[in-house]
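Bear in mind that the values here come from a model prediction, so they are computed numbers and not experimental data. To find a chain, count down the sequence lines: A is the first, B the second, and so on, and within it residues start at 1.
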Number of protein chains: 2
Amino acid sequence: MPTQNKPTIYDVAKRAKVSITTVSRLLNTPDKVNPETRKLVMDAIDSLGFTPKAEARARAMRNTNRIGVITPFFTAPSFVQRLRGVASALSKANYELVIYPVDDMEHLQGYISSIPVMKNLDGLIIISLAIDSKDANRLYENGMQTVLIEYSHSALNSIVIDDAEGGRLAARYLIGKGHKRLAFLGDIEPPERYAIYPVKSRLHGFKEVLKEAGIELPKKYIRQAENRQDISIKAVHELLNVDNPPTAIFAASDVQAMSVMKVARQLKLKIPDDIAVIGFDDIDMAEYVDLTTIRQHLDESGRLAAEMVLARIKDPKRALQQIKLPLEFVERSTC
Amino acid sequence: MPTQNKPTIYDVAKRAKVSITTVSRLLNTPDKVNPETRKLVMDAIDSLGFTPKAEARARAMRNTNRIGVITPFFTAPSFVQRLRGVASALSKANYELVIYPVDDMEHLQGYISSIPVMKNLDGLIIISLAIDSKDANRLYENGMQTVLIEYSHSALNSIVIDDAEGGRLAARYLIGKGHKRLAFLGDIEPPERYAIYPVKSRLHGFKEVLKEAGIELPKKYIRQAENRQDISIKAVHELLNVDNPPTAIFAASDVQAMSVMKVARQLKLKIPDDIAVIGFDDIDMAEYVDLTTIRQHLDESGRLAAEMVLARIKDPKRALQQIKLPLEFVERSTC
DNA sequence: AGCTAAAATGAAAGCACTTTCAGTTTAACA
DNA sequence: TGTTAAACTGAAAGTGCTTTCATTTTAGCT
């Protein structure tokens with residue numbers, strides 16, 4: 001016999017052959033009910049294992065021990081790695097992890113509006129999403145402990161990296177290796193709804209160093225491509241088919257760098273001799289395929305974010321933190 | 001002086017000139033209300049400083065609209081892909097996704113015993129974990145809608161694949177290609193705490209076909225290796241260094257197959273000419289690296305699991321289902 | 001323009017209790 | 001014995017919210 005719902009005062013009343021009023025009264029002002037009746041009702045309560053549900057729930061809801069993560073494409077490798085960091089920190093602290101995947105801005109707005117009001121979360125981590133001042137302030141005002149990753153706002157904690165510096169690192173390294181024809185591949189202008197443009201900054205830094213070195217970055221060497229395999233592959237093909245093709249490609253994500261590698265394999269191009277590749281992120285797979293890349297400590301960012309919310313839940317008076325995580329050049333065999 | 005009672009949704013509704021329904025809806029299923037209306041209502045909420053009373057909510061709510069997923073290493077690619085399936089089904093149905101990562105059996109036991117009692121979950125999906133009869137029955141008796149993936153129990157819904165058949169598929173294909181020296185790499189005996197042994201079955205099926213074909217599978221061609229890169233790499237090295245090394249390796253997971261590919265690269269072995277590789281799972285990355293593999297529809301399994309719990313939440317009288325998902329041989333370039 | 005499906009909305013019916021209020025009993029006292 | 005106040009009790013009316021269902025609006029097609 002499954003699904004035996006918790007007993008209500010109705011069940012108790014029926015069992016004790018009294019009205020629900022009496023049951024309620026017994027629970028709230030016991031001295032106002034006759035001792036004999038009291039005994040009757042108590043027996044019924046005991047035998048049914050009754051516990052006023054709503055009240056318990058309400059009490060339980062004061063401190064939910066749950067923290068939420070709002071993230072787009074939460075199954076993309078880089079997001080997963082951040083989540084891993086979050087999860088490990090949370091599970092140590094015995095907090096539940098609730099995931100709110102956002103497919104579009106609608107979703108995000110929905111979550112952002114209702115979460116701080118509903119308060120059925122103790123804290124919130126928002127990954128790679130822009131949130132406007134009004135929402136940030138609401139989060140702040142309602143005391144929802146929040147950490148932003150890959151975006152920042154003065155009213156909230158945040159963890160970011162120096163994207164431009166990432167681009168510079170790649171450019172310097174490639175130039176150091178003697179490359180003259182450098183290309184850039186990335187989701188430079190993602191659908192505006194996410195409203196954050198880290199790749200653009202990476203391109204900026206990349207350009208900057210090239211310029212300093214007197215190397216041109218012609219338009220044909222810059223490819224906008226969404227982070228999907230089919231699209232990236234197509235972009236890489238185009239990139240490698242221009243005349244005087246580049247000798248090195250800086251891909252703004254490891255996944256796209258892997259698309260470059262795939263196309264190179266198809267075209268029987270040797271990596272790194274015919275074409276050098278640098279990725280960005282250092283996802284797990286990068287090591288498997290020996291991809292040279294720029295590591296942004298993904299796990300770490302998640303762990304840190306989780307620790308920050310937990311710390312602020314414990315002590316809400318803690319100062320806000322705006323953290324910039326360092327990047328690291330990881331030399332492997334594709335470059 | 002005046003009794004400044006806390007604002008209720010009625011106040012908000014009046015202020016925003018909508019019905020209380022809309023206010024409630026905004027808070028619970030935000031994407032079901034028009035963005036313009038949303039703005040109106042949010043303004044009212046903000047200006048009134050409205051906060052819903054937890055106990056009133058609890059009272060009126062019969063379900064939590066949350067379903068939980070218990071899973072080990074939830075950031076391993078194959079698990080992530082199942083989660084993706086779960087998440088997409090859930091978000092369509094407006095359910096929250098709570099993740100319970102299990103690092104050790106302690107954790108699992110904790111979750112399993114408290115979840116059905118707490119009832120702050122409408123349903124539960126348990127991935128790749130063995131649960132004993134006692135727990136299964138408790139879940140069943142407490143009416144917690146549960147689906148197991150990669151394990152089964154007669155009291156609960158389950159989704160499994162035919163692991164042995166997977167092994168057979170690989171063996172047949174490899175034999176068809178003329179290979180005589182076949183090897184097997186996998187986490188055959190994982191730490192007992194998880195207590196499920198799909199890889200063992202894959203090995204069984206693999207062996208079976210070899211035997212029928214009169215091909216031996218000597219011990220030296222069978223490697224136990226945990227699903228970690230360092231360990232797998234070491235195992236592959238050993239495997240390729242025996243005398244008379246195998247010409248083909250069936251790895252029981254794509255991730256391990258990728259380790260094989262990495263070692264082959266290091267040793268300058270050509271794939272598939274010098275060494276053929278077949279993986280298992282067909283994770284996203286398999287396509288990037290052109291890995292021949294056996295697809296077990298991971299996303300699908302997650303989606304299905306989610307749909308099953310949702311269906312049973314709606315109609316608890318639905319019959320239990322024990323589903324066996326088909327496998328599919330995916331031919332790419334490593335074999 | 002005409003038609004249909006989907007999206008957005010509100011009225012009203014719950015939910016699991018609490019409270020009010022109008023009875024009943026009971027007990028005490030004249 | 002009749003009267004009355006205190007002690008009990010239950011029907012019904014809230015409580016603040018959710019959810020169903022019917023209606024309206026909008027968008028997408030021929």
Side-chain angles (χ1 to χ4, degrees), chain A residues 4-42 44-45 48-61 103-104 106-107 109-110 113-114 117-120, chain B residues 3-42 44-45 48-66 92-96 119-120 122 310 313-315:
Chain A
Q4 37 185 286
N5 270 331
K6 283 200 168 175
T8 70
I9 48 170
Y10 288 88
D11 301 318
V12 177
K14 194 181 291 174
R15 191 86 129 85
K17 294 183 199 298
V18 297
S19 74
I20 58 163
T21 311
T22 302
V23 179
S24 174
R25 200 164 359 230
L26 168 61
L27 263 16
N28 293 285
T29 48
D31 48 296
K32 288 214 168 93
V33 10
N34 183 302
E36 285 171 36
T37 316
R38 175 151 60 211
K39 191 167 174 317
L40 238 57
V41 179
M42 284 309 294
I45 286 181
L48 289 175
F50 166 79
T51 158
K53 189 178 153 200
E55 201 203 322
R57 275 284 246 58
R59 219 191 304 285
M61 274 172 144
D103 305 321
D104 49 58
E106 286 308 294
H107 255 99
Q109 262 312 322
S113 322
S114 69
V117 180
M118 294 297 263
K119 294 208 180 102
N120 48 3
Chain B
T3 331
Q4 264 303 93
N5 265 333
K6 275 200 158 187
T8 71
I9 45 171
Y10 288 89
D11 302 318
V12 175
K14 194 181 290 175
R15 191 88 131 85
K17 294 183 200 297
V18 297
S19 72
I20 57 161
T21 311
T22 301
V23 180
S24 173
R25 207 177 341 244
L26 167 61
L27 263 14
N28 292 284
T29 50
D31 45 278
K32 288 217 171 89
V33 6
N34 183 304
E36 286 170 35
T37 315
R38 173 147 67 212
K39 196 172 166 312
L40 241 56
V41 178
M42 282 314 295
I45 286 179
L48 290 175
F50 166 78
T51 259
K53 275 199 165 159
E55 37 117 346
R57 283 200 77 218
R59 195 184 311 141
M61 241 176 354
R62 64 181 110 288
N63 55 15
T64 62
N65 257 62
R66 297 205 314 249
K92 270 194 206 97
N94 253 301
Y95 270 72
E96 276 181 11
K119 293 226 171 141
N120 49 1
D122 293 338
L310 293 180
I313 286 166
K314 242 193 190 152
D315 175 12

Item to check | Derivation and outcome, side-chain contact (heavy atoms from CB on, under 4.5 Å), residues A:V33 and A:V41 | outcome: CA-CA 10 Å; A:V33 10; A:V41 179; 5.9 Å; no

Checklist entry - Closest approach of A:F50 and A:L27, non-hydrogen atoms and distance? => result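 Nearest heavy atoms, A:F50 then A:L27: CE2-CD2, 3.7 Å.
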
Item to check | Closest non-hydrogen atom pair between A:V117 and B:T51, with its separation | outcome: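 Nearest heavy atoms, A:V117 then B:T51: O-OG1, 4.1 Å.
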
In whole Å, what is the span from the [atom1] atom of [X] to the [atom2] atom of [N]?
X: B:R59; N: D:dT18; atom1: CZ; atom2: P; result: 11 Å
X: B:N63; N: D:dC17; atom1: CG; atom2: C1'; result: 14 Å
X: B:K6; N: D:dT15; atom1: NZ; atom2: P; result: 17 Å
X: A:N34; N: D:dA6; atom1: CG; atom2: P; result: 18 Å
X: A:K32; N: D:dC8; atom1: NZ; atom2: P; result: 10 Å

Checklist entry - Below 4.5 Å, heavy atoms only, C-beta onward: do A:S113 and B:P30 meet side chain to side chain? => result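 Result no, sub-4.5 Å side-chain heavy-atom pair not found.
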
Item to check | B:P52 side chain near A:M118 side chain, heavy-atom distance below 4.5 Å | outcome: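 Yes. Closest side-chain heavy atoms under 4.5 Å.
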
Checklist entry - If you fit an axis to the five pairs at each end of the helix from C:dA1-D:dT30 to C:dA30-D:dT1, how big is the angle between those two axes, to 10 degrees? => result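 The angle separating the two end axes equals 30°.
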
Checklist entry - Under the salt bridge (Lys or Arg N to Asp or Glu O under 4.0 Å) rule, what pairs show up with a residue in residues 17-40 of chain A, not counting sequence neighbours? => result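 Qualifying pairs: A:K39-A:D43.
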
Partners passing side chain to side chain contact (heavy atoms under 4.5 Å, CB included) against [X] (at least two apart in sequence or in another chain):
X: B:A93; value: B:Y95, B:L310
X: B:K14; value: none
X: B:L40; value: none
X: B:R15; value: B:A44, B:S47, B:L48

Item to check | B:N65: partners by side chain to side chain donor-acceptor pair (under 3.5 Å), with sequence neighbours left out | outcome: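 Applying side chain to side chain donor-acceptor pair (under 3.5 Å) to B:N65 gives none.
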
Checklist entry - For A:S24, what residues pass the side chain to side chain donor-acceptor pair (under 3.5 Å) criterion, not counting sequence neighbours? => result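 A:N28.
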
Checklist entry - B:N65 near the nucleic acid: base, sugar-phosphate alone, or nothing, with a heavy-atom cut-off under 4.0 Å? => result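 No contact.
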
Checklist entry - Hey, where on DNA chain C does chain B first and last touch, going 5' to 3'? Cut-off is any atom under 4.0 Å from a heavy atom. => result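 On DNA chain C, the outermost contacted nucleotides are C:dA8 to C:dA16.
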
Contacts under 3.5 Å, N or O only, protein and nucleotides 25-28 of chain D:
none

Next on the checklist: Rounded to the nearest 0.5 Å, what separates atom NZ in A:K119 from atom CZ in B:R57?
Outcome noted: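 The NZ atom of A:K119 sits 13.0 Å away from the CZ atom of B:R57.
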
Checklist entry - Which residue, B:K17 or B:A56, contacts DNA chain C at a nucleotide closer to its 5' end, judged by nearest heavy atom? => result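 Final value for this comparison: B:K17.
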
Checklist entry - Tell me, which of residues 19-30 of chain B have any heavy atom that sits under 4.0 Å from an atom in DNA chain D? => result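 Under 4.0 Å from DNA chain D: B:I20, B:T21, B:S24, B:N28.
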
